[in-house]
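Remarks on the structure that follows.
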Protein chains: 2
Amino acid sequence: MRISALEEYGLRCLVTLAKEGTDGMLSIADIAQKEGLSVPYTSKLLSILRKNGLVVAERGRGGGFTIARDPQEIDLFEVITALGGPIIDPDHCTRFSGQREECVHADNCSVHEVLGGLAGYIQEFLSRTTLADLISTGPVIELKPLSSRVNVQSAPRPSAEMSGGGMSADAE
Amino acid sequence: MRISALEEYGLRCLVTLAKEGTDGMLSIADIAQKEGLSVPYTSKLLSILRKNGLVVAERGRGGGFTIARDPQEIDLFEVITALGGPIIDPDHCTRFSGQREECVHADNCSVHEVLGGLAGYIQEFLSRTTLADLISTGPVIELKPLSSRVNVQSAPRPSAEMSGGGMSADAE
DNA sequence: AAAATACTTTACATTTGCGTAAAGATTGGT
DNA sequence: ACCAATCTTTACGCAAATGTAAAGTATTTT
C-alpha cells in the first residue's frame, strides 16, 4: 500500500506542466531538467500521461507537451489511476486466489469488502483534489470537512476505539 | 497505490486466526488449507505476523498460532503496516530524488504535502477498523460519519468540482 | 533417547516494476 | 531535399517482490 515511482514522478511532471497552463508548452528536456529526471525516463512518463489524455504532444521541431485541460478540471484520482492502474483490481478475487482458481472467500468476503471500501475512501480523497490545488501558492494545504458517507462502496463500521497513534510520514 | 500480496494474504490469515479467538489455536497446515495457500507461503506470512507481535507461536508437537490480542484491540493500520511497511516512507524525499541526491522540491513541495495528507487519511480509515469488525456476521459493513479533520498532517483543500465518477472496484 | 510434529530460517527460481538505451517517426527550418 | 529538433516505440539490464523448497530448531510422545 504505497505510492509507486511512476505515480510519484508522473504526478510531478504533470504538476510542472500544469504550472505552464493550457497555452504553455515544455519539451521533454525541459521537464527532465526541472524535475531532475533523466530524459528517457521523463519520456516514458509523458508517454503514459499522453496515452491517458492528460497531456497533449506536439511533434517535430519546436514541439513539446501541453497540459490537456485546465488544471482545475484534472483531479488526482484520474492521474494516479492513469499512472498506477486501479487501486483495487477489478479481478481482485482471481488475482489473490492463492493456489486455487478463485479466492476461497468467493462470496461473503469481509476482507475484500473492507479493502474495496478503502479504495473508495481513497478515491474520495483523490477526487476532491485537483492539479490546481497543487500549484496554488499557499504553503500549507487544508482539508475541508468531509461528506459523512462515501458513496462508492461499502466501508468499515465504527469500532470502539481509535488506536491511531504515531504516524511516521514526515513533512519537512 | 495498491494492496500488495503480503498485505492481502497476511490480513486474511490473521482474520482466520482472529475467528478462533485468543484461546484458539491453528497450525500452519490448518491455516494454509482454510485459505487455499501453500504451506511454505503461509509459513512466511505467519512469521511476519509473529515478528510484529500480531500472533503468538507455540512450537513443537501440538503447537500452532494464536492471535496475540483480542481482535477488537488490533486495527488494520497496524496489520497493513506490519505486512507492507509504512504507507509513505519516512525517507520519501531521498527515495524519490530522481537523478539527484535529494528531491528537487526539497522544501515547499506541494506534491509531497498532498501525498502525506493522503497517507494520513488512509491511516485514519485503517485505524478505525479492527479485526473484530471483519469477523462480525453482518453481510455489509457501514461507514460511520468521519471526524471532519484529519489530525495527522496536511491534506488537500476543497476543489470546485468533484469529478468522482465510475469507481471500478467490484463487490461480488 | 528416539521419533514425530510443528514452527523457524535461509536460499532460490520466477515474475514484476524500475530506469536506461537505442532506433524509429514526424515536423520545421534552410 | 536535407538536416536538425523532438516526440514515439521497442528492447534491455537491474532490482525488488512473489512464491517455493529445503534444511534447521524446539517440543511432545513413546
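Proteins get letters first, then strands, A, B, ... in listed order; numbering begins at 1 in each.
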Next item on the list: Give the intermediate values and the outcome of side chain to side chain donor-acceptor pair (under 3.5 Å) for residues A:E8 and B:H112.
Entry: CA-CA 9 Å; A:E8 166 84 23; B:H112 184 193; over 6 Å; no
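Remark: the backbone N or O of A:C93 is not paired with any side-chain donor or acceptor of A:S97 at under 3.5 angstrom. Judged by distance alone, with hydrogens and angles left aside, the side-chain atoms of B:Y9 form a donor-acceptor pair with the main-chain N or O of A:G98 at under 3.5 Å. Panel note: side chain B:T81, backbone B:E78; no donor-acceptor pair is recorded below 3.5 Å. A donor-acceptor pair under 3.5 Å is formed between the side chain of A:T66 and the backbone N or O of A:G24.
To the nearest angstrom, P of C:dT8 lies 17 Å from OH of B:Y41. Atom CG in B:L37 sits about 9 Å away from atom P in D:dT20, given to the nearest Å. What separates CG of A:L6 from P of C:dT20 is a distance of 12 Å, to the nearest Å. In this entry the distance linking CZ of B:R100 with P of C:dG19 reads 16 Å, nearest Å. Between the CZ atom of A:R50 and the C1' atom of C:dA25 there is a distance of 12 Å, rounded to whole Å. A:I3 places its CD1 atom 15 Å from the C1' atom of C:dG17, with the value rounded to the nearest Å. Atom-to-atom, CD1 of A:I28 to P of C:dT20 comes out at 14 Å; the value is rounded to the nearest Å. Rounded to whole Å, the distance from CG on B:L45 to C1' on D:dA17 is 13 Å.
Within 4.0 Å of B:Q99, counting heavy atoms only, lie sugar-phosphate atoms of the nucleic acid but no base atom. Using a 4.0 Å heavy-atom criterion, one finds that B:R95 contacts no nucleic acid atom at all.
Listed nucleotides: D:dA21, C:dC7, C:dT9. Nearest to the side chain of B:P40: D:dA21. For B:R61, the listed nucleotide lying nearest its side chain is D:dT29; candidates were D:dT29, D:dT20, C:dT20. Candidate nucleotides C:dG17, C:dT9, D:dT18 were compared by shortest atom distance to the side chain of B:S47, and C:dT9 ranks first. Taking only side-chain atoms of A:S4, from C-beta outward, the nucleotide of C:dC18, C:dC7, D:dT8 with the closest atom is C:dC18.
Taking the nucleotide of DNA chain C with the nearest heavy atom to each of B:K44 and B:A29, the more 5' of the two is matched to B:A29. Along DNA chain C, the nucleotide nearest to A:G60 and the one nearest to B:R59 differ in position, and the one closer to the 5' end is contacted by B:R59.
Between D:dG19 and B:S38, no contact under 4.0 Å exists linking OP1 or OP2 to a side-chain N or O.
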